[in-house]
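Here the structure comes first, spelled out in structure tokens, and everything after it is commentary.
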Amino acid sequence: MIRVLIADDEAMIRAGVRAILESDPDVEVVSEAADGREAITAARRHRPDVAVLDIRMPVLDGLSAAAEIITTMPATAVVMLTTFGEDDYVERALGGGALGFLLKAADPRELIAGVRAVADGGAYLSPEIARRVIAPYREGARTRSAEARDAVAALTDREREVLALLSAGASNAEIGRRLHLVEGTVKGHVSAILIKLGVRNRVEAAVLAHRAGLAGH
């Protein structure tokens, strides 16, 4: 059985969460709490496998309660369940060690899936939250790709050919044979490429080529 603690200052919400969780025969709600302080006390008493905590609660908020539970009872996995999906809440919850972040408006099946996932040592984010967490990394990747394409565009056609082969792992001799150049000329092109791209070595040049989509061309 997965033993769960529910903490929310609204009794109706607690009842709804309990009903959803206990529809799963492998889940048992062992305690409820109406604020963060009660949640910590209940967690100490019952040592649940999972604590499902609302963020905004009186006396002590859910994020503070989560921090205490995670620090003093590491065997209890924490899932934040809230109406609010602000990025600051998500960052603080996940940065503090919570393994799940769910929105109250989500499909009830997500709640069961989230509790099961964190009880098994995994993590779970509502799809909406997951998209927002991933978005900055995607944006960063797009920015790096654009910068790499701009840098590669400054190379001559021949230098781009050399860079494409270099990024595929070809040696200077192999590049020379493929492009019908003497090895000394290839070395000259490689040196010029490193300078123009502002990189220190062939590995960094190859990484930039991959970001620019040049590798393999």
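If you read the sequence from its start, that first residue is 1, and numbering goes on from there. For the numbers below, each heavy atom of this structure counts, side chains included, while hydrogens, waters and symmetry mates do not.
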With rounding to the nearest 0.5 angstrom, report the [atom1] to [atom2] distance, [X] to [Y].
{"X": "D9", "Y": "I13", "atom1": "CG", "atom2": "CD1", "value": "9.0 Å"}
{"X": "E22", "Y": "I112", "atom1": "CD", "atom2": "CD1", "value": "11.0 Å"}
{"X": "L103", "Y": "T83", "atom1": "CG", "atom2": "OG1", "value": "8.5 Å"}
{"X": "D61", "Y": "L53", "atom1": "CG", "atom2": "CG", "value": "10.0 Å"}
{"X": "H189", "Y": "R160", "atom1": "NE2", "atom2": "CZ", "value": "12.5 Å"}
{"X": "I40", "Y": "T72", "atom1": "CD1", "atom2": "OG1", "value": "7.0 Å"}

Going only through I, L, V, M, F, W and Y residues with side-chain contacts under 4.5 Å, is there a path from [X] to [Y]?
{"X": "V79", "Y": "Y89", "value": "no"}
{"X": "I175", "Y": "L194", "value": "yes"}
{"X": "L94", "Y": "V78", "value": "yes"}
{"X": "F101", "Y": "V118", "value": "no"}
{"X": "V52", "Y": "L125", "value": "no"}

Taking [X] for its side chain and [Y] for its backbone only, find out whether a donor-acceptor pair lies under 3.5 Å.
{"X": "T71", "Y": "E68", "answer": "no"}
{"X": "R14", "Y": "D8", "answer": "yes"}
{"X": "T76", "Y": "R47", "answer": "no"}
{"X": "D120", "Y": "G122", "answer": "no"}
{"X": "E159", "Y": "L155", "answer": "no"}
{"X": "R44", "Y": "I69", "answer": "no"}
{"X": "S191", "Y": "K187", "answer": "yes"}
{"X": "S64", "Y": "L60", "answer": "no"}
{"X": "E204", "Y": "R200", "answer": "yes"}

Heavy atoms only: give me the nearest [X]-[Y] pair and the separation to one decimal.
{"X": "L197", "Y": "V152", "answer": "CD2-N, 4.1 Å"}
{"X": "A148", "Y": "R211", "answer": "CB-CB, 3.7 Å"}
{"X": "A42", "Y": "S31", "answer": "CB-OG, 3.5 Å"}
{"X": "A205", "Y": "L163", "answer": "O-CD1, 3.7 Å"}
{"X": "P48", "Y": "V30", "answer": "CB-CG2, 4.2 Å"}
{"X": "A151", "Y": "L208", "answer": "CB-CD2, 4.3 Å"}

More than 12 heavy atoms of other groups within 6.0 Å of R178 CZ: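 No - once you tally the heavy atoms of other residues, nucleotides and ligands closer than 6.0 Å, there are 12 at most.
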
Which one of V162, T185, N201 satisfies the side-chain contact (heavy atoms from CB on, under 4.5 Å) criterion with V190?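 Checked V162, T185, N201 against V190; only one passes side-chain contact (heavy atoms from CB on, under 4.5 Å): V162.
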
Given I55 and L63, is the side-chain contact (heavy atoms from CB on, under 4.5 Å) satisfied, shown in steps? CA-CA 6 Å; I55 286 183; L63 291 171; 4.3 Å; yes

Is there a salt bridge (Lys or Arg N to Asp or Glu O under 4.0 Å) between R109 and D107 once you walk through the steps? CA-CA 5 Å; R109 290 172 295 184; D107 189 310; 2.7 Å; yes

For L21 and V115, what are the C-alpha separation, side-chain angles and deciding distance, and is it a side-chain contact (heavy atoms from CB on, under 4.5 Å)? CA-CA 8 Å; L21 290 176; V115 166; 3.7 Å; yes

Side chain to side chain, [X] and [Y], heavy atoms closer than 4.5 Å:
{"X": "S167", "Y": "L214", "result": "no"}
{"X": "K104", "Y": "L81", "result": "yes"}
{"X": "I6", "Y": "R18", "result": "yes"}

Presence of salt bridge, E161 and R158, under 4.0 angstrom: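 A salt bridge links R158 with E161.
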
Please check if any side-chain donor atom of N172 sits under 3.5 Å from a side-chain acceptor atom of R177, or the reverse.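 No pair is found: no donor N or O on one side chain lies under 3.5 Å from an acceptor on the other.
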
Go through V50 and I2 one step at a time and tell me if the side-chain contact (heavy atoms from CB on, under 4.5 Å) criterion holds. CA-CA 7 Å; V50 180; I2 301 172; 4.1 Å; yes

Please lay out, stage by stage, how Y124 and R116 fare under the test side-chain contact (heavy atoms from CB on, under 4.5 Å). CA-CA 9 Å; Y124 192 93; R116 280 186 164 277; over 6 Å; no

